[in-house]
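Some notes on the structure that comes next.
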There are 2 protein chains.
Amino acid sequence: MRGFGRGTGAFGRRWVELYLLLLIAEKPSHGYELSTRLKDFGVMIPGIGQMGSLYRILSTLEMSGLVATDWDISEGGPARKVYKITKEGLSFLEDAMESVYALKTNIEKFIERYEALKKRE
Amino acid sequence: MRGFGRGTGAFGRRWVELYLLLLIAEKPSHGYELSTRLKDFGVMIPGIGQMGSLYRILSTLEMSGLVATDWDISEGGPARKVYKITKEGLSFLEDAMESVYALKTNIEKFIERYEALKKRE
DNA sequence: GGCTCTTATATGATATAAGCATATATATAA
DNA sequence: TTATATATATGCTTATATCATATAAGAGCC
């Protein structure tokens, strides 16, 4: 059993997809930039330790029509594939927020119960 | 891409392990009972839709020494494999709480940023 | 020019986990 | 005797995560 919050298995794939959708909705970005913006959230996310996974997740988002892409060659250096949110992506995110709120409640319940357990000892 | 909070991919495996450790720490239980106690948390958890996955996760917890088991044949009906937390399990849970608190902060940040995005539109 | 570093995207191979079906078995209720 | 609830467990297939590697542009250095 591996640890938590140390880059392996901290979240599930679905959550990473939501994080990416939010980041892209805030501002269109390319994959490499998204990896650094993800780190700013402060909790390690699975499949992101290695860039390969991130690109694969972005591909699935693109294939399912939640994001669209443009190649940006204006900056010099290697070409950048810039992801932007679609209407479908925004409404998917909106629908998914229900689960995010539920998760928050859930985590709070978890903490509450853990602390009750601690007191009991 | 499948949905969230509908039994598929809502959490990661590592979180399920934590939930199970907390439940078992609160009260020793057998697998079948744990599946119903998990549902009481209100958010669907991956690998738990089907009982098979739950038993496999419990096996890994047992193999790694975080829980110990006893067979209970006192109640009638099929024998029950009762899981109880070990010292190692408790200290693992304690260490992991750091990640749980971080997740809470993280989710709050997510919600905050989503709501800021909504206002901007 | 050749060397290394950072930025940037992507795929191959393998290990782990999730999801679905199924097997086994005891007791109770209809 | 048939069905239902309880109870544990494994086989198989697909999906995901992890690790390694390939490709390539530009920048800085010597």
Side-chain angles (χ1 to χ4, degrees), chain A residues 1-20 24 28-39 44-64 67 69-83, chain B residues 1-20 24 28-39 44-64 67 69-83:
Chain A
M1 191 166 178
R2 300 187 296 286
F4 291 81
R6 287 187 279 108
T8 170
F11 280 77
R13 160 73 170 266
R14 312 274 159 243
W15 293 106
V16 183
E17 289 168 351
L18 278 196
Y19 275 93
L20 287 171
I24 294 167
S29 293
H30 57 279
Y32 195 86
E33 189 183 29
L34 285 166
S35 77
T36 62
R37 294 179 62 202
L38 272 172
K39 280 176 205 147
M44 293 318 269
I45 287 173
I48 302 301
Q50 252 61 36
M51 287 298 293
S53 305
L54 177 60
Y55 288 114
R56 264 188 270 244
I57 294 171
L58 287 170
S59 288
T60 64
L61 291 178
E62 190 183 4
M63 285 188 287
S64 56
V67 299
T69 61
D70 286 303
W71 284 96
D72 173 18
I73 50 172
S74 67
E75 292 297 313
R80 297 164 169 188
K81 195 173 184 179
V82 177
Y83 294 83
Chain B
M1 191 167 179
R2 300 188 297 284
F4 289 80
R6 288 188 275 110
T8 167
F11 279 76
R13 160 72 171 266
R14 312 273 159 246
W15 292 108
V16 183
E17 289 167 350
L18 280 195
Y19 275 93
L20 288 171
I24 294 167
S29 292
H30 58 279
Y32 195 85
E33 188 182 31
L34 285 166
S35 77
T36 63
R37 293 180 62 202
L38 273 171
K39 280 176 207 147
M44 291 319 269
I45 287 174
I48 303 300
Q50 253 59 35
M51 288 299 292
S53 304
L54 178 60
Y55 288 114
R56 263 190 271 245
I57 294 171
L58 288 169
S59 288
T60 65
L61 291 178
E62 187 183 5
M63 284 188 287
S64 55
V67 299
T69 60
D70 286 304
W71 284 96
D72 173 17
I73 48 170
S74 68
E75 291 297 312
R80 299 163 168 189
K81 195 174 184 179
V82 178
Y83 294 83

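Letters A, B, ... are given to chains in the order of the sequence lines, protein chains preceding strands, and every chain is numbered from 1.
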Kindly give the atom pairs (protein nitrogen or oxygen, nucleotide nitrogen or oxygen) under 3.5 Å for nucleotides 20-22 of chain D.
none

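- For the pair B:Trp15 CH2 and C:dA18 P, the interatomic distance rounds to 14 Å; values are reported in whole Å.
- The interatomic distance linking B:Leu20 (CG) with C:dA17 (P) rounds to 14 Å, in whole Å.
- What separates CG of B:Leu61 from P of D:dT8 is a distance of 14 Å, to the nearest Å.
- One can place CH2 of A:Trp71 at 12 Å from C1' of D:dA25, the figure rounded to the nearest angstrom.
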Letter per nucleotide, 5' to 3', of nucleotides 22-30 of chain C [B base touched, S only sugar-phosphate touched, - untouched; heavy atoms, 4.0 Å]: ----BS---
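- Here the C1' atom of nucleotide C:dT16 and the CD atom of B:Glu17 are 12 Å apart, to the nearest Å.
- Shown here for B:Trp71 and B:Ala79, the closest heavy-atom pair between the two residues is CE3-CB, 3.7 Å.
- When all heavy atoms of A:Tyr83 and A:Ile24 are compared, the pair lying nearest together is O-CG2, 3.4 Å.
- Distance check, rounded to the nearest 0.5 Å: NZ of B:Lys81 to OG of B:Ser29 gives 14.5 Å.
- In terms of heavy atoms, A:Gly31 sits closest to A:Met51 at O-CE, 4.1 Å.
- Nearest heavy atoms, A:Asp72 versus A:Ser74: OD1-OG, 2.7 Å.
- Listed here is the closest heavy atom pair of B:Ser35 and B:Leu54: CB-CD2, 3.5 Å.
- Whole-Å rounding puts the A:Ile57 CD1 to D:dT18 C1' distance at 12 Å.
- Of the listed nucleotides (C:dA8, C:dA10, D:dT8), D:dT8 has the atom at the smallest distance from the side chain of B:Tyr32.
- In this structure, A:Leu34 atom CG and C:dT9 atom P are separated by 9 Å, rounded to whole Å.
- Across all non-hydrogen atoms, the minimal contact from A:Val67 to A:Leu58 is CG2-O, 4.4 Å.
- A salt bridge is absent between A:Glu33 and A:Arg80: the closest approach of a Lys/Arg side-chain nitrogen to an acidic carboxylate oxygen does not fall below 4.0 angstrom.
- The salt bridge (charged side-chain N to carboxylate O under 4.0 Å, His left out) analysis of residues 50-60 of chain B, with sequence neighbours excluded, yields no pairs.
- Rounded to an integer number of Å, the gap from CD of A:Glu75 to P of C:dA8 is 9 Å.
- Contact annotation: B:Tyr55 side-chain N/O to D:dA9 OP1/OP2 distance is not under 4.0 Å.
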